[in-house]
Amino acid sequence: MTARHPFLLTPGPLALDAEVRAEMQFDMGSRDVSFKKITERVRGLIVDLLDARGGYSAVPIQGGGSYGVEAALASFVGTSDRPLVCINGNYGERILKMLQIRGINAVSIVAPSDQSFPMTKVAACLEEDPGITHLCFVHCETTTGVVNPLRPMVELATRHGVRTIIDAMSSFGAVEISAREVPFDVLVTSSNKCIEGPPGVSFVVASLETLDSKTSETNSFVLDVRDQWRNFEQTGEWRSTPPTHVVQACAKALEELAIEGVVRRGERYASVRDAVIRATGPYASPLLDPRDRSPVCLALTARDVVRTQEDLDALYAHLVEYNLYIYTKLHLPTRSFRIGCMGCIDPMWIRLLGIAFEDFFSASFDESGSHPGRRITDLWKKAI
Ligand SMILES: *Cc1c(COP(=O)(O)O)cnc(C)c1O
């Protein structure tokens, strides 16, 4: 049987490059010198891609992106701190939830999820509340694909002597970030977004000053970024078993990212995004203004047809017949659904998406009662 990989148009996990996937065929000893070298390479590449050499360190954490975010919050926000969380989507909300679970007295500002975060609100809040210690925000809010203003946020926080903790999960690798130009304190990303690796490891990148600042008061072993960092520095090893195969693949993926370059990767995703807009154009429209759109994923609305989760379930099931996989959940506040533009996307998938949309949305039935588009589906199925 020839198995065809699903055509993933999801904002992570995503379609892997064959060479990246092939790295997972090797078994390695997690404490062997050869694996330590791979870990060191991964950490170095991340620091280099952020233009952060000399002042920062990348600390890998076992687990998906949320583990990295929670580790950063647990390690760098103390119980007496007062962080401000900017929320314009699900991942901002998650940061607030993580802080609340830890019993931290966080302040939050909620803004519309279909616009870039309004700086004036952040400035006013920092002005009014001098007790704020940290500014936490999401760079690219994957909920809608909106890009939030990284540089102005960090500059504003710096002027107020406030530390920055940035969820850059879906921006690192496709949107340029330079620690030299935008000196953030802590930034988190993960293996399975624009790095184009498999899921399973996250990265907390922190300034050396932040890592060195005090002995950890984290009430967790696995989420303790400082302790993990010290261990890497002293022994080159992970404290507990790492996902070796994932880290190996991630090293390969980062090497490919370094060759392609962040700018070119961003351009590649943007051209996928624009091709998706053209292919689906007759039936669905982008939620965001062009200036707020990231290249990494696209939120679409089709308000007459896709109004509820059940409607999206029907579209999803229809697309699966074409081997196409989009994100499953409808974002209720905006009634939008998401298509990922990251990973090894074949242009043919986007043409197929256009055909599948046409089939779904031209919901007219011919005299025989069968859906006219079905014929295309059947032809396609024979082809696989
Ligand atoms: C993917 C993502 C996360 C983390 O999600 P996981 O499912 O835990 O990997 C966090 N923030 C943003 C902005 C993301 O895109």
Side-chain angles (χ1 to χ4, degrees), residues 8-16 46 59-74 83 85-99 101 108 110-111 113-117 135-150 153 164-175 177 184 186-205 222-223 225 243 246-247 249-250 253 265-266 269 273 287-288 292-299 325-329 331 334 336-343:
L8 292 183
L9 294 170
T10 40
L14 36 71
L16 293 178
I46 288 181
V59 187
I61 302 285
Q62 295 94 330
S66 303
Y67 287 73
V69 174
E70 189 150 10
L73 298 173
V85 187
C86 300
I87 302 173
N88 62 343
N90 297 341
Y91 293 107
E93 263 168 39
R94 186 173 290 178
I95 292 176
L96 180 64
K97 189 169 181 183
M98 286 171 173
L99 289 167
I101 288 170
S108 61
V110 180
S113 46
D114 57 359
Q115 291 162 27
S116 189
F117 207 88
L135 179 64
C136 306
F137 66 95
V138 180
H139 184 199
C140 171
E141 205 7 300
T142 325
T143 308
T144 58
V146 70
V147 186
N148 289 322
L150 178 76
M153 294 279 243
T164 42
I165 300 183
I166 304 162
D167 173 346
M169 215 65 67
S170 68
S171 57
F172 173 81
V175 181
I177 304 170
F184 59 80
V186 179
L187 178 146
V188 186
T189 191
S190 76
S191 55
N192 67 307
K193 301 275 167 91
C194 310
I195 292 176
E196 299 197 0
V201 61
S202 54
F203 303 98
V204 178
V205 184
V222 292
L223 299 179
V225 176
V246 173
V247 178
C250 204
R265 180 158 293 188
Y269 292 176
R273 177 197 62 198
L287 174 72
L288 303 176
D292 291 340
R293 276 177 217 157
S294 73
V296 300
C297 76
L298 176 71
Y325 292 78
I326 64 168
Y327 192 72
T328 54
K329 292 202 183 90
H331 182 241
T334 57
S336 65
F337 55 96
R338 262 174 281 172
I339 296 185
C341 309
M342 45 175 82

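Just follow the structure's listing: the first ligand is 1, and inside any ligand the first atom is 1.
Proximity to D167 (heavy-atom distance under 4.0 Å) selects the following atoms of ligand 1: 10 (C), 11 (N), 12 (C), 13 (C). Those atoms of ligand 1 that come under 4.0 Å of a heavy atom in C140, given as number and element, are 13 (C). Every atom of ligand 1 with a heavy atom of G65 under 4.0 Å away is listed here by number and element: 4 (C), 6 (P), 8 (O), 9 (O). Atoms of ligand 1 lying under 4.0 Å from any heavy atom of V138, numbered from 1 in the order shown and given with element: 13 (C).
When side chains are defined from C-beta on, L288 counts as touching D114, because their heavy atoms get closer than 4.5 Å. Side-chain atoms of V188 and M169, non-hydrogen and from C-beta on, do get closer than 4.5 Å to each other. Contact check for I177 versus H139: side-chain heavy atoms found under the 4.5 Å cut-off.
Remark: among candidates T142, V188, N192, the nearest residue to atom 13 (C) of ligand 1 is T142, based on non-hydrogen atoms. Among S66, S170, G145, the residue whose heavy atom lies closest to atom 5 (O) of ligand 1 is S66.
Within the structure, the closest approach of S171 to ligand 1 does not fall below 4.0 Å when heavy atoms are considered.
Side-chain polar atoms of S170 and T142 form a donor-acceptor pair below 3.5 angstrom.
Residue-level proximity to ligand 1 for K193 is carried by the side chain, the only part with a heavy atom below 4.0 angstrom.
Counted within 6.0 Å of OH on Y67, heavy atoms from surrounding residues, nucleotides or ligands total 12 or fewer; the atom is thus considered open.
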Hey, mind stepping through F137 and L150 against side chain to side chain contact (heavy atoms under 4.5 Å, CB included) and telling me if it holds?
CA-CA 9 Å; F137 66 95; L150 178 76; 4.0 Å; yes
